[in-house]
Amino acid sequence: MRSIFICYTPYHFLLSYMFKHRRDNDLIIIVDQYGKLDFWDSATSISKNIKFIKHQIARSPLLFAKQLSKIKKEYPAVTKVYLFNDKAAHSWITLNIFRARATFYIEDGSSAYSNSKVVSSHIKKALLSIASKIPIIKYEYVEVLGTSKEISGGYYLFPQNVRFEHKEKPVLQYEKDDQRLDDLKKFFLANDTNPSEPYESEILALAPSSKGKVFLDQFKRITEKIAAEKDLPLVIKEHPLDQNKATTTTNQKTLPKQYPAEALVITGKSKVVIGNFTTTLHAAKFLSEDCIIINISTKKGKESNIELYRFLSSINVQQIDAEAN
């Protein structure tokens, strides 16, 4: 008897690996949906029970299903599936192949604490609706991750703050295993992106994704001001799926897109984390009591993300008004 964790992002993998209730013989599958996770192929060195499915396979539902069927022969007695995204087709393919007794949700990120929804186009929604009516296929269209009927309950870093939709099912406290957290620390130190010039005691700035130039300039100016006041170098981290390149100066470093921002918190190399309504802010708060967490936003951004703003404030994330600085 064992469980399977289906991961689509570095954050998913981190939460899967250090999950306190994960057994050593449980399987973690990393699915490279967009061809952005090459770095994570090396994660298979941590444990034989970590599988990496390359983009060439993941982009085809049929090839993905075929690969899962092979994996099922190695891991036949699966009783639980842990999902981070119950909207993704790969998740439902997994549920259809393994037919586990129970399915649990682990938070995908900040969406668990906001009022955002994942809405598909009318055409895609219609196709998914047709698929959901095929008797032999398990599928359900959801707009709030973690709310499908297949989900038995959810695990959250801050369960007391989850959105109301999640409260319709058991809301459980996510707990990390300290030994596994230490394993991850060793893994990231051994796979440092720049061993000759390691990141030490630096400020990690999470470049806002798809924002206007005015806000990007404000964000850059404020982060540089904070770095100067604390006399610490700045490391810029872009969103893995963002097509725009962050603007940096010659004395700044840029973290590779597919490298997890949380790694610098886990290794203790970043003492300050700055962002704009991004998952890493509350994740860093959960991972480190010593790290200073700062959220930079505009008045308009605050109003459109009011639930997330209140959540971050409630866990003592510092708030900075971009227009007042």
Side-chain angles (χ1 to χ4, degrees), residues 1-58 64-85 88 90-91 93-95 97-98 100-109 155 157 172 174-193 195 240 256 258-269 283 286-288:
M1 296 174 64
R2 45 164 48 110
S3 302
I4 288 182
F5 297 75
I6 302 296
C7 312
Y8 303 111
T9 71
Y11 182 66
H12 297 171
F13 171 73
L14 296 180
L15 291 190
S16 296
Y17 187 80
M18 62 184 182
F19 188 40
K20 189 174 182 178
H21 300 297
R22 180 179 65 82
R23 292 164 296 192
D24 289 337
N25 69 338
D26 286 344
L27 175 64
I28 298 176
I29 299 177
I30 304 170
V31 183
D32 190 358
Q33 286 180 297
Y34 304 106
K36 304 287 186 180
L37 300 178
D38 291 347
F39 169 83
W40 291 96
D41 198 358
S42 61
T44 56
S45 65
I46 303 176
S47 167
K48 66 179 181 179
N49 292 316
I50 297 175
K51 305 287 186 184
F52 181 81
I53 297 184
K54 297 180 183 294
H55 177 59
Q56 293 92 321
I57 294 175
F64 178 74
K66 187 176 180 180
Q67 183 71 13
L68 276 192
S69 296
K70 290 180 180 178
I71 292 174
K72 184 179 180 181
K73 292 177 181 179
E74 293 182 62
Y75 300 85
V78 171
T79 56
K80 292 180 185 177
V81 174
Y82 289 88
L83 301 177
F84 294 84
N85 184 338
H90 298 78
S91 296
I93 291 172
T94 302
L95 293 180
I97 288 177
F98 284 94
R101 297 176 192 167
T103 304
F104 288 89
Y105 175 69
I106 300 179
E107 70 162 66
D108 172 67
Y155 289 88
L157 272 59
L172 308 167
Y174 174 92
E175 296 178 86
K176 64 181 183 297
D177 182 282
D178 290 336
Q179 179 56 56
R180 288 173 178 160
L181 185 61
D182 192 56
D183 291 343
L184 288 173
K185 180 178 180 179
K186 292 175 182 176
F187 169 73
F188 289 128
L189 289 173
N191 291 274
D192 198 305
T193 59
Q258 58 180 283
Y259 194 76
E262 293 84 4
L264 297 191
V265 179
I266 290 172
T267 57
K269 293 182 177 183
F286 178 80
L287 291 167
S288 172

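By convention here, the first residue in the shown sequence is residue 1.
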Under a 4.0 Å N-O cut-off, is there an ion pair linking Asp178 with Lys185?
no
Electrostatic pair Lys54-Asp41, nearest N-O below 4.0 angstrom:
yes
Could you walk me through whether Asp177 and Asp183 satisfy the side chain to side chain contact (heavy atoms under 4.5 Å, CB included) test, starting with their C-alpha distance in whole Å, then the side-chain angles of each, then the deciding distance to 0.1 Å, before giving a yes or no?
CA-CA 10 Å; Asp177 182 282; Asp183 291 343; over 6 Å; no
When the ring centroid of Phe39 is compared with that of Tyr259, is the distance short of 6.0 Å?
yes
Between the main-chain N or O of [Y] and the side-chain N or O of [X], is there a donor-acceptor pair closer than 3.5 Å?
X	Y	answer
Ser288	Val265	no
Arg22	Ser16	yes
Lys51	Ile71	no

Check Ile6 against Tyr8 and note the closest heavy-atom contact, atom names and distance.
CG2-OH, 3.4 Å
Compare every heavy atom of Asn49 with every heavy atom of Asn25, then report the nearest pair and how far apart it is.
CA-ND2, 3.5 Å
Criterion ring pair (Phe, Tyr, Trp, His ring centres under 6.0 Å) against Tyr174, the qualifying member of Phe19, Tyr82, Tyr155:
Phe19
For Asp38 and Asp32, run side chain to side chain contact (heavy atoms under 4.5 Å, CB included): C-alpha distance rounded to whole Å, both residues' side-chain angles, the deciding distance at 0.1 Å, then the answer.
CA-CA 8 Å; Asp38 291 347; Asp32 190 358; 3.8 Å; yes
Verify the neighbour count for atom NZ of Lys176: are there more than 12 heavy atoms of other residues, nucleotides or ligands below 6.0 Å?
yes
